[in-house]
Number of protein chains: 4
Amino acid sequence: MRGEDKHDRIIKAAIKVFAKNGFYNSRVSEIAKEAQVADGTVYLYFKNKDDILIRLFEEEMDKIITNMKGEMDNIPNPDEKLRRFAVVHLNMVRENKSLAEVIQVELRQSSKFMHEYKNRKFIEYLNIISTIVKEGQRTGYFRTDIMPGLFKRSFFGALDELSNMFVFSTKRKYNVEMAADQVSSFFIAGLLPDSNH
Amino acid sequence: MRGEDKHDRIIKAAIKVFAKNGFYNSRVSEIAKEAQVADGTVYLYFKNKDDILIRLFEEEMDKIITNMKGEMDNIPNPDEKLRRFAVVHLNMVRENKSLAEVIQVELRQSSKFMHEYKNRKFIEYLNIISTIVKEGQRTGYFRTDIMPGLFKRSFFGALDELSNMFVFSTKRKYNVEMAADQVSSFFIAGLLPDSNH
Amino acid sequence: MRGEDKHDRIIKAAIKVFAKNGFYNSRVSEIAKEAQVADGTVYLYFKNKDDILIRLFEEEMDKIITNMKGEMDNIPNPDEKLRRFAVVHLNMVRENKSLAEVIQVELRQSSKFMHEYKNRKFIEYLNIISTIVKEGQRTGYFRTDIMPGLFKRSFFGALDELSNMFVFSTKRKYNVEMAADQVSSFFIAGLLPDSNH
Amino acid sequence: MRGEDKHDRIIKAAIKVFAKNGFYNSRVSEIAKEAQVADGTVYLYFKNKDDILIRLFEEEMDKIITNMKGEMDNIPNPDEKLRRFAVVHLNMVRENKSLAEVIQVELRQSSKFMHEYKNRKFIEYLNIISTIVKEGQRTGYFRTDIMPGLFKRSFFGALDELSNMFVFSTKRKYNVEMAADQVSSFFIAGLLPDSNH
DNA sequence: GATGAATGAGTCTTCATTCAT
DNA sequence: GATGAATGAAGACTCATTCAT
């Protein structure tokens with residue numbers, strides 16, 4: 001830990017502290033303490049408290065997007081890709097609860113200064129979904145009357161709300177694999193051409 | 001406006017102010033000004049700033065739940081109920097953008113005092129969905145291998161994420177009716193017994 | 001209680017409330033509640049919060065002074081008068097703890113606005129003591145090199161500090177009669193011409 | 001002044017400000033200004049406004065007690081010790097009017113937080129007196145029917161009330177030496193075995 | 001680069017006082 | 001006279017940020 005880059009130490013500390021207290025109830029001094037640096041040192045690496053949240057989000061989202069795109073690469077069928085997306089997304093949330101909590105909760109809240117930042121990376125992540133749908137539509141695999149822009153939101157929203165369950169609820173009623181399977185089933189059924197609806 | 005109950009004036013003002021600035025960037029004095037009462041008057045009706053948010057949420061959710069339950073009463077088919085739920089939910093968001101923003105954004109913050117409050121009313125709202133699903137399963141209308149607890153989260157999550165689009169995005173790419181129709185189609189397809197998945 | 005004069009009800013309530021919380025930690029509304037009148041009613045009888053304390057002091061001191069002077073009237077010897085003063089003072093404190101606490105504690109504290117008010121009545125009370133001393137000196141009973149102005153302060157101070165013991169300490173180590181006897185003995189010994197010092 | 005420890009600067013400033021306005025009419029910001037530090041700096045050294053008063057009292061009383069004990073050390077006779085106690089006490093008051101006023105006036109207020117603090121140090125100071133009396137009684141110098149616990153209160157009370165005169169009254173009718181001499185004479189006369197009473 | 005003591009702007013909340021009824 | 005809802009001025013305290021070392 002000590003030898004690590006101070007920038008990374010602070011980001012890691014911020015994830016922990018923000019997840020525990022929320023952005024507005026977190027103190028820069030607590031992050032500094034958690035990162036084992038002086039209060040002033042935080043300001044050598046970050047412009048201000050907001051900047052910690054923004055850069056935290058951007059850097060972590062980059063990793064997440066890169067990882068998710070890599071996962072998609074080796075899967076041929078678009079329906080399998082969607083199933084895989086769901087599994088990977090929910091597992092990621094389960095394995096990085098603090099980060100997930102910060103991204104889900106804090107970033108929604110800090111609407112004012114977040115709007116622009118949130119969108120760029122967030123939409124890039126969402127577009128992984130719409131790209132799969134468009135690909136499926138192009139190859140005749142999926143119905144073409146489904147609007148990819150609505151689909152990506154709905155699909156992500158469903159996963160995101162399930163994430164909440166995994167992040168906040170203490171009881172473990174559903175396992176991740178099963179949840180991912182059910183939710184992608186709903187959506188794939190809606191995408192396939194011969195489903196009756 | 002003047003003749004209105006001060007309690008209601010303050011709640012209305014808080015919705016407006018919280019939606020504009022977020023809870024933590026809102027000043028009690030600004031709420032008071034917007035409600036045309038003195039700062040101290042706020043504290044005759046609410047215990048403190050947190051209490052404004054809590055009571056705002058509880059009271060508005062009560063209205064929303066009552067309204068939604070009323071809407072469901074006259075619809076016989078469970079699939080029609082789900083479609084209607086989607087339409088009513090998205091219309092409500094569109095027509096009460098500020099309230100929607102406060103509920104969506106501020107109430108995600110995980111501060112201690114919110115958790116319990118959020119849950120009670122929020123889960124009551126979610127359970128309107130699972131009740132529909134269970135009813136459909138009981139009457140043989142819906143597949144019985146779908147877990148209502150997962151379904152309600154997924155369905156709500158999809159609607160909630162679409163709401164974000166309507167609340168935050170300025171451009172109006174999709175209309176509410178169409179969005180409600182598409183998203184409920186996905187889920188209904190997943191619920192019907194003879195869909196291939 | 002109800003039929004009583006509201007002025008008196010408020011004074012009585014103030015004694016109770018000030019004794020419990022201190023002047024600055026007492027609320028006018030609490031006094032009003034204790035007196036079973038509306039908040040605004042207090043201001044029909046008193047100019048403001050300070051005025052309650054001032055008038056409380058003046059009126060109660062008047063009673064105390066009248067009572068003490070009456071007690072002195074029938075006692076021929078100055079040394080007996082001093083002994084009696086001590087007994088009556090300490091008994092009064094014991095029987096009116098709340099009032100004693102307010103006069104001792106709060107009136108010392110509120111120096112700023114109290115100074116002038118305090119003095120008039122307080123000095124009148126002190127002068128009962130110096131009058132006794134002067135009388136004793138005039139009749140050759142007491143030494144004439146004792147300064148009555150110093151004596152009254154010392155004698156009162158000793159009684160006052162003993163009062164603290166009775167007001168604040170819960171344990172009852174000394175009884176009032178004995179304490180009054182000892183303290184007046186000290187001072188009378190000092191006053192008598194043939195004490196060796 | 002500037003080079004001094006900030007803690008000490010704040011204590012000194014608080015003595016001045018509290019003496020001038022009383023505790024409840026003093027502003028933390030005024031203390032800060034007087035101490036030439038920022039408002040927030042006060043809170044680096046003291047928990048809150050109450051804490052300033054408590055620590056002020058404890059630290060100054062420590063000095064006073066140490067000083068008084070030192071004064072007593074070189075005096076052989078108990079009656080001389082009492083005389084010296086009176087002189088030193090009254091001189092201390094005269095030379096540190098502000099501190100004396102704060103200790104006398106503010107610490108009488110019976111607020112909850114004060115009680116325990118007041119007692120510990122205050123009783124230690126009082127016990128210097130009773131220790132002298134007990135010593136005099138043990139060596140046969142003083143009468144043994146005098147209760148040291150009552151004596152210390154009476155003696156201190158007399159001095160304390162005289163202090164008030166010196167602190168509050170502007171006119172200088174009596175000088176300190178004479179006052180100390182008279183008041184200790186009263187009490188010593190009461191203590192000596194062959195005084196007639 | 002690193003530190004952490006110092007800063008002071010900013011806000012929630014209280015409560016004495018008023019005044020329309 | 002009596003009420004008590006409403007007022008709004010005032011202040012303790014916090015904490016993001018700076019800067020001398």
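Proteins come first, then strands; the chains are lettered A, B, ... in the order of their sequence lines, and each starts at number 1. Because the structure is predicted, anything quoted here is derived from the model rather than measured.
For Asp8(C), the salt bridge (charged side-chain N to carboxylate O under 4.0 Å, His left out) test picks out no residue, with sequence neighbours left out. Under the salt bridge (charged side-chain N to carboxylate O under 4.0 Å, His left out) criterion, Lys63(B) pairs with Glu60(B), not counting sequence neighbours. Residues satisfying the side-chain hydrogen bond (donor to acceptor under 3.5 Å, both in side chains) test with Tyr45(D), not counting sequence neighbours, are none. Among residues two or more places apart in sequence or in another chain, the side-chain contact (heavy atoms from CB on, under 4.5 Å) test is passed with Ala14(C) by Phe18(C), Ile31(C), Ile52(C), Leu56(C). Applying the ring pair (Phe, Tyr, Trp, His ring centres under 6.0 Å) test to Phe46(D) and every residue at least two apart in sequence or in another chain returns His7(D). Judged as a side-chain hydrogen bond (donor to acceptor under 3.5 Å, both in side chains), and not counting sequence neighbours, Asn48(C) has no contacts. Lys16(B) is linked by a side-chain hydrogen bond (donor to acceptor under 3.5 Å, both in side chains) to Glu34(B), counting only residues two or more places apart in sequence or in another chain.
Counting to the nearest Å, the P atom of dT14(F) and the CG atom of Asp51(D) are 12 Å from each other. Going from atom CG of Asn21(A) over to atom P of dC15(F) covers 11 Å, rounded to whole Å. What separates NZ of Lys33(D) from P of dT7(E) is a distance of 15 Å, to the nearest Å. If you measure from atom CD of Gln36(D) to atom P of dA6(E), you get 14 Å, rounded to the nearest angstrom. As rounded to whole Å, 15 Å separates atom P of dT14(F) from atom CD of Glu30(A). We find that CG of Asp5(A) is positioned 14 Å from C1' of dA2(E), with the value rounded to whole Å. One interatomic measurement links the two molecules: CG of Asn25(B) to C1' of dC12(E), which rounds to 15 Å at whole-angstrom precision. Counting to the nearest Å, the P atom of dA16(E) and the CZ atom of Phe46(C) are 15 Å from each other.
The existence of a salt bridge linking Arg120(C) and Glu58(C) is confirmed by a sub-4.0 Å separation between a basic side-chain nitrogen and an acidic carboxylate oxygen.
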Contact list (N/O, under 3.5 angstrom) for nucleotides 16-19 of chain F vs protein:
| unit_1 | atom_1 | unit_2 | atom_2 | d |
| --- | --- | --- | --- | --- |
| dA16(F) | OP1 | Ser26(A) | O | 3.4 |
| dA16(F) | OP1 | Arg27(A) | NH1 | 3.0 |
| dA16(F) | OP2 | Val28(A) | N | 3.0 |
| dT17(F) | OP2 | Tyr43(A) | OH | 2.8 |
| dT17(F) | OP2 | Lys49(A) | N | 3.0 |

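Helical stems in DNA chain E, defined as runs of 3 or more consecutive Watson-Crick or G-U wobble pairs with donor-acceptor distances under 3.5 Å: E:2-21 with F:2-21.
Each of Thr41(A) and Ala38(D) was matched to the nucleotide of DNA chain E holding its nearest heavy atom; the match closer to the 5' end belongs to Thr41(A). Taking the nucleotide of DNA chain F with the nearest heavy atom to each of Tyr45(B) and Leu44(D), the more 5' of the two is matched to Tyr45(B).
Under 4.0 angstrom from either OP1 or OP2 of dA2(E) there lies at least one side-chain N or O belonging to Lys6(A).
In this structure, the side chain of Lys6(C) does not engage the main chain of Ala35(C) through any donor-acceptor pair within 3.5 Å.
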